[in-house]
Structures are given as structure tokens and as C-alpha cells.
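All remarks here apply to the structure that follows.
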Number of protein chains: 2
Amino acid sequence: MTPDSAPRTYSISELSRMFEVTPRTIRFYEQEGLLEPQRRGQTRIYHDKDRVRLKLTLRGKRLGFSLAEIREVIELYDALPDGNARQLRRLLELLAEKRANLQRQEEDIRLMRKELDDVEGRCREALLALAENAEG
Amino acid sequence: MTPDSAPRTYSISELSRMFEVTPRTIRFYEQEGLLEPQRRGQTRIYHDKDRVRLKLTLRGKRLGFSLAEIREVIELYDALPDGNARQLRRLLELLAEKRANLQRQEEDIRLMRKELDDVEGRCREALLALAENAEG
DNA sequence: CCGCGAGTTGACGTTAACGTAAATCGCCGA
DNA sequence: TCGGCGATTTACGTTAACGTCAACTCGCGG
């Protein structure tokens with residue numbers, strides 16, 4: 001029997017390598033309220049919770065959300081178990097917004113793919129034309 | 001018989017209303033090489049080609065592409081019919097990059113949806129708990 | 001005791017993508 | 001002829017999201 005798996009921790013440079021961001025970025029996210037690492041002396045110690053938050057944050061960024069938006073969701077989520085009804089409704093509102101956003105993005109992706117297909121088609125035609133001229 | 005449909009044109013304010021962006025934004029995109037309107041005197045005149053480009057640009061933006069990235073695609077696309085092989089291959093490269101990007105975004109969207117579902121579930125639970133306490 | 005590497009703390013710099021404001025121009029209707 | 005409206009130019013301002021750099025501290029191996 002293995003004992004309760006030791007709650008792993010991470011240094012800032014470890015996290016920074018895991019996600020390919022700089023330590024500066026990680027500290028900046030903390031300053032913006034997205035991470036809340038422990039301290040040992042003045043040194044930051046990150047737990048899995050922080051790692052997950054960082055992952056979510058970066059994913060949110062790739063999807064075009066601002067750090068402020070991401071923070072609002074995280075804050076409301078953290079206050080969730082004992083949140084008041086107003087906060088909870090606000091969170092549901094936010095979630096609906098994000099969903100709508102995702103849906104539009106999916107549509108945008110679909111359209112963009114079509115355009116890429118079109119461009120690629122023309123591009124390959126042009127290449128073929130070049131080849132024929134060279135050979136003919 | 002209607003004559004050949006008159007090639008429609010747009011003023012800057014017209015375009016700005018159509019896409020809900022400011023005239024400043026449209027001029028800025030021109031300055032960045034994304035639009036090339038005609039001029040009558042000093043006034044800009046936009047054709048359908050410009051409208052389409054603007055639409056593509058805004059879609060690109062919603063998908064997180066920078067104006068510089070978008071411009072590169074547009075430039076290569078414009079030089080397409082008589083582009084040399086090097087340009088054409090470069091364009092294919094770019095297209096592949098964009099595709100990869102879109103694919104990752106789709107995956108991000110999928111994961112994000114799961115998280116939203118999870119958060120929403122907990123949120124509704126919390127609301128129910130509140131309701132019961134109020135009633136019991 | 002010394003230096004080294006990892007980490008921290010300010011503080012100022014930078015880039016993208018516009019916003020904003022002031023001065024000017026051209027046309028059109030009263 | 002004059003005023004107003006729409007458009008333009010120029011230039012400086014702003015915001016988000018970090019980058020960069022300098023000065024410091026801390027723990028550790030030699």
C-alpha cells in the first residue's frame with residue numbers, strides 16, 4: 001500500500017518549463033490574482049491546484065480570453081461552495097457568455113477552414129501550372 | 001433586365017456600421033496593409049473586395065491571429081496567380097500552420113466546454129442547497 | 001568564508017491595436 | 001455666403017501582457 005500520494009509541489013522554474021512560459025509570466029499571473037502560491041520564506045511554492053489554474057489560464061488565453069475575464073471566473077468558482085445567490089447567478093451568466101463565445105469561435109473555425117481549403121486549392125493549381133510551363 | 005449589377009461601393013462609416021468597428025480601426029487596418037481602398041479626392045472608397053477582406057480580418061482576430069499574420073496570408077494570396085514557386089510553398093506552409101492552430105483551438109474548446117459543464121453543475125448544486133436551506 | 005545558482009523585488013521598457021483630440025478640407029442645402 | 005456634416009491627417013495617449021535589468025537574499029558545496 002502506498003501512503004497517501006505526497007502532495008506534490010513545484011518551483012517556479014519547474015512550472016515555467018512544464019508550460020513553456022517564463023517565470024516572469026507566472027509571477028505576473030499571481031499579481032493579477034490568477035495564482036496564489038504558498039511561500040516558504042520568500043520563495044514561492046506551487047501545488048497542483050496552482051498548476052491546474054495555470055493550465056486553465058493558458059488555455060483561456062489561447063481561446064482569446066483576457067486575464068481579467070479568466071480571473072473573474074476563477075474567483076467566482078473559488079467562492080462557489082459558500083457563495084450567495086447573487087454570485088451564483090452571476091457565475092451562471094458568465095458561463096453562458098463563455099459558451100456563446102465558444103460557439104461563435106467554432107463557427108469561425110469552420111468558415112476559416114473553408115477559406116484555407118479554397119486558398120490551398122488555388123495555390124496547388126498555380127504550382128501545377130508552373131510545373132507544366134517548366135516541362136512544356 | 002437589370003444591367004450588370006453596379007459594383008457596389010461603401011463609405012468608411014458604412015463599413016464601420018456593418019461590422020461594428022470604428023472608422024479609426026478601418027484606417028488602421030489600411031495602414032497595416034490589410035485594406036487598399038480607392039480614393040476619390042482624399043476620400044476613401046471601399047469595394048466588395050475590401051469588405052470581404054475586412055470580414056476575414058475580423059474573423060482572424062476573433063480566432064486570435066495577429067494583424068501581421070493575417071496580412072501575410074492576404075499578401076501571399078494576392079500575389080498568388082503569378083507567384084513564384086518559393087512564394088507558393090511558403091503559402092502552403094502558412095496554411096498548414098493555420099490549420100494546426102485551428103485544430104488545437106478545437107481541442108481547447110472541447111476541454112473548455114467540459115470545464116464549463118463541470119462548473120455549471122457545481123453551481124446549480126450550490127443554488128439548490130441554498131433553496132433547501134431557505135425552505136427547510 | 002566564498003561564490004554560485006535559483007529566486008525575489010522593484011522599476012522602467014516594449015509591442016500590438018487601437019482611442020482621442022485638434023485642425024483642415026470639401027460638398028451641399030438654406 | 002455660410003454653417004454643418006462627413007471625412008481626413010497628424011500626433012499623442014492608452015491598455016494589456018508581459019520583457020528586461022539591476023540589486024538583493026538565501027541555502028549549499030567546497
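Numbers restart at 1 for each chain; the letters A, B, ... are given by sequence-line order, proteins then strands. Values reported hereafter were calculated over all heavy atoms of this structure, with side chains retained and with hydrogens, waters and symmetry mates removed.
Look at CG on B:Leu35: it is 16 Å from C1' on D:dT8, rounded to the nearest Å. Residue B:Gln31 contributes atom CD, which lies 13 Å from atom P of C:dG19 at whole-angstrom precision. Regarding B:Leu67, its CG atom lies at a distance of 12 Å from the C1' atom of C:dT15, rounded to whole Å. Protein atom OH of B:Tyr10 is 16 Å distant from nucleotide atom P of D:dA7, rounded to whole Å. Following rounding to the nearest Å, B:Ile45 (CD1) and C:dC27 (C1') show an atom-to-atom distance of 14 Å. At whole-Å resolution of the value, CD1 in B:Ile26 and P in D:dG6 are 16 Å apart. In this structure, B:Glu30 atom CD and C:dA17 atom C1' are separated by 16 Å, rounded to whole Å. Residue A:Arg39 contributes atom CZ, which lies 10 Å from atom C1' of C:dT9 at whole-angstrom precision.
Taking 4.0 Å as the cut-off between side-chain N and carboxylate O, B:Glu107 and B:Arg110 count as a salt-bridged pair.
Candidate nucleotides C:dA6, D:dA17, C:dT9 were compared by shortest atom distance to the side chain of A:Phe28, and D:dA17 ranks first. Ranking D:dA17, C:dC18, D:dA7 by closeness to the B:Thr25 side chain, first place goes to C:dC18. For A:Ile12, the listed nucleotide lying nearest its side chain is C:dT8; candidates were D:dA7, C:dT8, D:dA17.
Looking at heavy-atom distances under 4.0 Å, A:Arg40 makes no contact with the nucleic acid at all. Here A:Arg27 lies in heavy-atom contact (under 4.0 Å) with a base.
A close approach under 4.0 Å does occur between a side-chain nitrogen or oxygen of B:Ser11 and OP1 or OP2 of D:dA7. Proximity of B:Arg24 to the phosphate of D:dT9: no side-chain N or O atom is located under 4.0 Å from OP1 or OP2. Checking the phosphate oxygens (OP1, OP2) of C:dC18, a side-chain nitrogen or oxygen of B:Tyr29 falls inside 4.0 Å. One finds no side-chain N or O of A:Lys61 lying less than 4.0 angstrom from the OP1 or OP2 phosphate oxygen of D:dA16.
In this structure, B:Arg86 places its CZ atom where only 12 or fewer heavy-atom neighbours from other residues, nucleotides or ligands lie under 6.0 Å away. The local environment of CD in B:Glu14 is crowded, with over 12 non-hydrogen atoms from other residues, nucleotides or ligands closer than 6.0 Å.
The backbone N or O of B:Ile45 sits nowhere less than 3.5 Å from a side-chain atom of B:Arg40 that would complete a donor-acceptor pair.
Where A:Thr22 and A:Gln42 each meet DNA chain D at their nearest nucleotide, the meeting point lying more 5' is that of A:Thr22.
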* Given side chain to side chain contact (heavy atoms under 4.5 Å, CB included), test A:Met18 with A:Tyr10 step by step and report yes or no. => CA-CA 10 Å; A:Met18 290 181 64; A:Tyr10 310 86; 4.0 Å; yes

